[in-house]
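First the structure, in the form of structure tokens, and then the observations on it.
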There are 2 protein chains.
Amino acid sequence: MTEATRRERLRAETEREIRQAARALLVERGRDAVTLRAIARELGITAPALYRYYDSHDALLRQLCDDICADMAAVLYADLAADTSGHVGCQVRAVCRSFRRWALAHPQEFALVFASPRDPLDTDQFGSVFLQLAGRLIASNLVVKHADDEVPEVLHEDLARFQQVLIDAVSVHGVTIEDDVLNLGKIYHVVQSWVRLYGHVALEVFGRFPFAVSNPEPMFDSMLDHMLSEIGFADD
Amino acid sequence: MTEATRRERLRAETEREIRQAARALLVERGRDAVTLRAIARELGITAPALYRYYDSHDALLRQLCDDICADMAAVLYADLAADTSGHVGCQVRAVCRSFRRWALAHPQEFALVFASPRDPLDTDQFGSVFLQLAGRLIASNLVVKHADDEVPEVLHEDLARFQQVLIDAVSVHGVTIEDDVLNLGKIYHVVQSWVRLYGHVALEVFGRFPFAVSNPEPMFDSMLDHMLSEIGFADD
DNA sequence: CGGTTTTAGTGAACGGTGTTTACAAGAGTT
DNA sequence: AACTCTTGTAAACACCGTTCACTAAAACCG
């Protein structure tokens with residue numbers, strides 16, 4: 001069965017251990033603790049050996065980002081699947097809550113993936129996760145509600161492109177979106193929802209609300225309510 | 001006039017140069033380039049000498065954060081003052097735009113101050129800047145519009161405390177807020193506005209919109225419009 | 001099988017980092 | 001002038017990313 005040679009198996013195993021060690025260091029002692037020497041120490045090898053697996057410390061960190069995104073995606077998908085209500089509104093709510101929960105439980109990972117200046121070109125898995133989830137949820141049965149003329153005309157081009165990206169993303173998985181379900185107005189509100197979701201979660205993770213919030217969860221839920229009703233998921 | 005001794009003046013000057021060098025390094029070559037040795041090199045001294053001014057590298061970074069906040073505050077206040085329209089809605093818009101402009105022009109600073117995991121205890125100047133600006137603008141003549149019962153009851157306590165903090169913050173500067181102008185519903189919407197403002201700006205700075213936005217400014221302005229109308233600044 | 005190539009790992013080295021320590025030299029004080 | 005306080009230095013320690021020459025073992029091949 002395993003076509004891999006002995007050497008390939010060992011290499012894959014070592015690579016797995018490297019990622020695992022890097023992740024543990026990030027979680028337990030922060031971004032700056034993810035050093036080549038610390039990772040190597042964990043594996044019982046020397047630092048230069050890691051260059052057989054990654055071109056540089058930077059490349060390893062990028063890999064780490066991708067791993068984090070993949071793991072987060074798995075969590076989000078799982079929590080989405082756990083919602084058996086059949087109501088899209090509930091599903092959206094479940095995913096948003098899942099995102100917040102994940103971010104609060106993994107602040108270092110969140111900071112690395114979602115709050116580091118980076119070139120917009122290099123994309124990790126996050127983009128596709130977002131597209132898959134958003135696309136899937138939108139495609140289901142979102143009530144058509146928003147007129148295109150609500151959104152400024154300058155944005156039409158970008159939003160139309162994003163619309164196409166969304167359609168392509170879900171069509172890869174066999175789902176098709178009818179044109180009347182996904183208009184520009186709706187796309188715009190999806191983006192606005194992402195702004196609010198991300199804004200709240202990041203502020204909470206980074207402790208940047210302008211006052212001490214003793215219990216942020218109801219505030220988040222309240223924000224979600226407004227967000228969902230605004231986007232048309234009011235009584236789903 | 002200058003009561004300071006010669007030594008005190010020299011010390012203050014050196015400290016100023018340290019901050020200046022640290023800032024330049026952050027701006028030009030990123031957070032990781034702000035090293036004690038690099039700063040010392042810039043001043044023509046040796047690294048251990050910096051320990052006469054700061055307890056550690058970490059303490060220096062914290063000072064850097066405060067400096068950044070102070071500078072940003074100065075920019076925001078200036079842009080606020082530059083708006084001579086007399087309309088509070090225009091002033092809020094001016095400050096929000098100023099915040100976005102500053103963040104885009106200073107991504108490294110923004111990331112350091114607004115997107116680093118930190119203990120919520122240690123507060124830099126940002127909190128007071130926010131309070132001053134928000135308080136001042138709210139105090140002016142915001143149309144009463146939002147009922148308290150819109151906000152979940154669990155939030156009342158936190159929001160009431162924040163309300164008091166706001167009142168105190170502006171009263172220090174001689175401004176008083178009448179009770180009927182600042183109710184919990186309004187406070188809640190102020191917080192929600194901060195969520196959206198921060199969310200958009202951070203997403204733009206970090207390139208984390210789910211698709212390539214070729215021209216984010218109109219999207220920001222559009223968001224601002226919705227935000228202001230929601231908070232009651234519609235036709236000010 | 002025997003010889004060759006490919007590979008994963010080592011150890012030493014280079015220049016960089018934060019931090020501590022012992023020490024010098026000047027400024028301020030009495 | 002003698003003394004103290006302050007600001008700097010140089011040396012050292014342990015850590016960092018990275019390069020390079022080298023070894024030993026695995027894989028390949030005639």
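Naming convention: chains lettered A, B, ... in sequence-line order (proteins, then strands); numbering from 1 in each chain. None of these values were measured; they are calculated from a predicted model.
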*asked:* Side chain of B/Arg37, heavy atoms from C-beta onward: which of D/dT18, D/dA12, C/dT10 has the nearest atom to it?
replied: D/dA12
*With the side chain of B/Ala38 defined as its heavy atoms from C-beta on, choose the nearest nucleotide among C/dT17, D/dG8, D/dC16.*
C/dT17
_Output the rounded distance in Å from CD1 (A/Ile39) to P (D/dC16)._
10 Å
*Report yes if a side-chain nitrogen or oxygen of A/Arg41 is closer than 4.0 Å to either non-bridging phosphate oxygen (OP1 or OP2) of D/dC16; otherwise report no.*
yes
*For A/Arg9 and D/dA25, what is the distance between atoms CZ and C1' respectively, to the nearest whole Å?*
16 Å
_Under 4.0 angstrom between A/Tyr51 side-chain N/O and D/dT19 OP1 or OP2_ = no
*So which one's nearest nucleotide on DNA chain D is more toward 5', A/Ala33 or B/Ile45?*
B/Ile45
*Does A/Arg52 get its side chain close enough to the base of C/dG9, under 3.5 Å, for a donor-acceptor pair?*
yes
*Relative to each other, are the rings of B/Trp102 and B/His106 parallel, tilted or perpendicular (30° and 60° limits)?*
parallel
*Between B/Arg93 and B/Asp221, is the closest basic N to carboxylate O distance under 4.0 Å?*
no
_Nearest-Å distance for atom pair CD/P, residues A/Glu13 and C/dA8_ = 14 Å
*May I have the distance from B/Glu8 (atom CD) to D/dT6 (atom P), rounded to whole angstrom?*
10 Å
*Taking only side-chain nitrogens and oxygens of B/Thr46, does any of them come within less than 4.0 Å of OP1 or OP2 of D/dT9?*
yes
*Do B/Tyr77 and B/Leu133 come within less than 4.5 Å of each other through their side chains, counting heavy atoms only?*
yes
*Using atom CG of A/Leu10 as one end and atom C1' of D/dA26 as the other, report the distance to the nearest whole Å.*
10 Å
_Rounded to whole Å, how long is the line connecting atom CG of B/Leu50 with atom P of D/dG8?_
9 Å
*Side chain of B/Thr35 (C-beta onward), nearest among C/dT17, D/dT19, D/dA11*: C/dT17
*With a non-hydrogen cut-off below 4.0 angstrom, is B/Tyr54 in contact with a base, only sugar-phosphate, or nothing?*
nothing
_Nearest whole Å is fine: how far is C/dG9 C1' from A/Glu15 CD?_
16 Å
*Aromatic ring centroids of B/Tyr198 and A/Phe206 under 6.0 Å?*
no
*Compare every heavy atom of A/Met223 with every heavy atom of A/His200, then report the nearest pair and how far apart it is.*
CB-CE, 3.5 Å
*Base, sugar-phosphate, or nothing: which does A/Tyr53 touch, judged by heavy atoms less than 4.0 Å apart?*
sugar-phosphate
_Just the rounded figure in Å: distance from P of D/dA26 to CZ of A/Arg11._
16 Å
